Amino acid sequence: MDSKNLFKKAAELIKSSQKTMVLTGAGISTESGIPDFRSPGTGLWENMDPTEVLSTKVLFNSPEEFYRVGFKILSSMRNAEPNEAHYILSEMEKEGIIAGVITQNIDNLHQKAGSKKVYEVHGNTREGSCLRCGEKVSFELLEEKVAKEEIPPRCDRCGGMLRPDVVLFGDPMPHAFDLALKEVQESDLLIVIGSSLVVAPVNFLPGMVDGLIIINATETPYDYKADVVIREKASYALRNIWNLIKS
Ligand code: APR
């Protein structure tokens, strides 16, 4: 089926759905200049093992390495701007077409584009916290301390080590994941945009809903289950689908 028909089928499914949730991954932010993790050739994990770089093992056992390598990756995601795909999702929420966005991304671009209901199931790069007393700090403070070579960065209140509020490999899932799970269980349609769907437990979500639309540049393990699989760039696909829904 050519893309035009796929867009039409997706638009029809979205219009007839009682409740639609969206699940996004790094692929929705590549058009904002943030590399994803697993795209062949450009993915961040091409030449480093994520479980080594952004894991609690490296944070706790060799914090110096964590703050010299992993932390830089987190920092690099913070100064990007939303692209058309983020803005269309924000419009869809305002028009009541989607109930909210579940994102694996920590780049804050859905919120910058105006989305209100955003479940950050892999944490965020807005804040950090002290491992000893739990004090909340801004991500900027972490960046300032690391820039001044205070590695690992220490809590000004109790001297404990500070960490970013990103979900690292080895961390338990945040409460946002429980809320996202409930939303998906109450939905009849999930639109996946820009995710390879290889990381658990987020990749369980597409298996929990009847209707499934996947917009992704490459194959995913859930393509067999999807009603519609669209092999296009996120912004191009969403622009076409949104125009059909509005027309
Ligand atoms: N439009 C559509 N799809 C795209 C685009 C685009 N413009 N750019 C990239 N993609 C697709 C890629 O083909 C890839 O399949 O997006 C997918 C991104 O997959 P990953 O890089 O694996 O990112 P993601 O699924 O978000 O990773 C999940 O892994 O490392 C952890 O915690 C990290 O949240 C991340 C998790």
Side-chain angles (χ1 to χ4, degrees), residues 6-29 31 36 82-124 167 173-217 220-230 232-235 237-246:
L6 291 173
F7 296 149
K8 265 175 69 186
K9 194 168 172 216
E12 276 147 26
L13 280 171
I14 295 167
K15 278 197 289 196
S16 59
S17 150
Q18 293 305 309
K19 178 174 179 178
T20 301
M21 285 297 289
V22 173
L23 168 62
T24 63
I28 198 171
S29 297
E31 293 168 75
D36 67 13
N83 63 63
E84 188 182 5
H86 296 100
Y87 286 112
I88 290 173
L89 291 180
S90 163
E91 269 181 67
M92 284 182 163
E93 181 189 21
K94 279 191 197 84
E95 300 298 322
I97 301 297
I98 61 172
V101 175
I102 299 160
T103 188
Q104 300 170 88
N105 302 339
I106 54 174
D107 53 33
N108 206 38
L109 293 185
H110 286 300
Q111 291 92 332
K112 279 184 182 174
S115 287
K116 297 285 173 264
K117 190 175 270 192
V118 180
Y119 295 101
E120 293 176 310
V121 293
H122 283 170
N124 70 75
V167 176
M173 290 302 277
H175 183 50
F177 181 71
D178 305 329
L179 300 175
L181 196 57
K182 191 166 173 306
E183 291 271 22
V184 168
Q185 286 167 332
E186 293 164 359
S187 300
D188 54 287
L189 180 64
L190 182 68
I191 309 171
V192 176
I193 306 172
S195 179
S196 60
L197 295 175
V198 296
V199 174
V202 174
N203 69 349
F204 297 156
L205 297 177
M208 296 178 169
V209 61
D210 289 342
L212 182 60
I213 296 171
I214 296 179
I215 301 172
N216 204 60
T220 81
Y222 277 92
D223 290 355
Y224 77 95
K225 183 182 179 292
D227 301 278
V228 185
V229 177
I230 297 173
E232 298 284 1
K233 282 190 175 295
S235 48
L238 282 172
R239 182 187 322 131
N240 282 278
I241 294 167
W242 188 218
N243 289 339
L244 286 167
I245 291 173
K246 288 190 288 189

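Numbers here are sequence positions counted from 1. Being a predicted model, the structure only gives us computed values, none of them experimental.
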Grab the two heavy atoms, one from [X] and one from [Y], that are nearest each other, plus how far apart they are.
{"X": "V101", "Y": "S115", "answer": "CG2-OG, 4.4 Å"}
{"X": "M21", "Y": "A99", "answer": "SD-CB, 3.7 Å"}
{"X": "V167", "Y": "G123", "answer": "CG2-N, 3.6 Å"}
{"X": "N83", "Y": "S29", "answer": "ND2-CA, 4.1 Å"}
{"X": "D36", "Y": "A26", "answer": "CB-CB, 3.5 Å"}

Please report the interatomic distance [atom1]([X]) to [atom2]([Y]), rounded to the nearest 0.5 Å.
{"X": "H86", "Y": "L238", "atom1": "NE2", "atom2": "CG", "answer": "10.0 Å"}
{"X": "D223", "Y": "N216", "atom1": "CG", "atom2": "CG", "answer": "7.5 Å"}
{"X": "L189", "Y": "D227", "atom1": "CG", "atom2": "CG", "answer": "7.5 Å"}
{"X": "I214", "Y": "Y224", "atom1": "CD1", "atom2": "OH", "answer": "9.5 Å"}

Taking only residues two or more places apart in sequence, or in another chain, which ones meet [X] in a side-chain hydrogen bond (donor to acceptor under 3.5 Å, both in side chains)?
{"X": "K15", "value": "none"}
{"X": "N124", "value": "none"}
{"X": "T20", "value": "S17"}

Which donor-acceptor pairs under 3.5 Å do the side chains of residues 192-209 make with protein atoms, sequence neighbours left out?
from, atom 1, to, atom 2, distance (Å)
S195, OG, Q104, NE2, 2.9
S195, OG, L197, N, 3.1
N203, ND2, L197, O, 3.3

For this session: Taking the side chain as every heavy atom from C-beta outward, state whether I241 and I230 have any atom pair closer than 4.5 Å.
Result: yes
For this session: State, yes or no, whether a side-chain contact exists between V22 and E93 at a heavy-atom distance under 4.5 Å.
Result: no
Exercise. Above 12 or not: heavy atoms from other molecules or residues under 6.0 Å from NZ of K112?
Worked result: yes
For this session: Could you give me the CA-CA distance, side-chain angles and deciding distance for T24 and L89, then say whether side-chain contact (heavy atoms from CB on, under 4.5 Å) is met?
Result: CA-CA 10 Å; T24 63; L89 291 180; 4.0 Å; yes
Counterpart residues, side chain to side chain contact (heavy atoms under 4.5 Å, CB included), relative to [X] (two or more places apart):
{"X": "D178", "value": "H175"}
{"X": "K246", "value": "E91, W242, N243"}
{"X": "E84", "value": "I88, S235, R239"}
{"X": "K182", "value": "E186"}

Partner set under salt bridge (Lys or Arg N to Asp or Glu O under 4.0 Å) for [X], not counting sequence neighbours:
{"X": "D210", "value": "none"}
{"X": "K117", "value": "E183"}
{"X": "K225", "value": "none"}

For this session: Would you check, one step at a time, whether the test side-chain contact (heavy atoms from CB on, under 4.5 Å) holds for I213 with I14?
Result: CA-CA 9 Å; I213 296 171; I14 295 167; 3.9 Å; yes
For this session: For the pair I106 and E120, evaluate side-chain contact (heavy atoms from CB on, under 4.5 Å) and give the outcome as yes or no after the intermediate values.
Result: CA-CA 7 Å; I106 54 174; E120 293 176 310; over 6 Å; no
Problem set entry | Non-neighbouring partners of F7 that pass ring pair (Phe, Tyr, Trp, His ring centres under 6.0 Å), sequence neighbours left out | Y236
Problem set entry | Check: N105 side chain, D107 main-chain N or O, donor-acceptor pair, under 3.5 Å | no
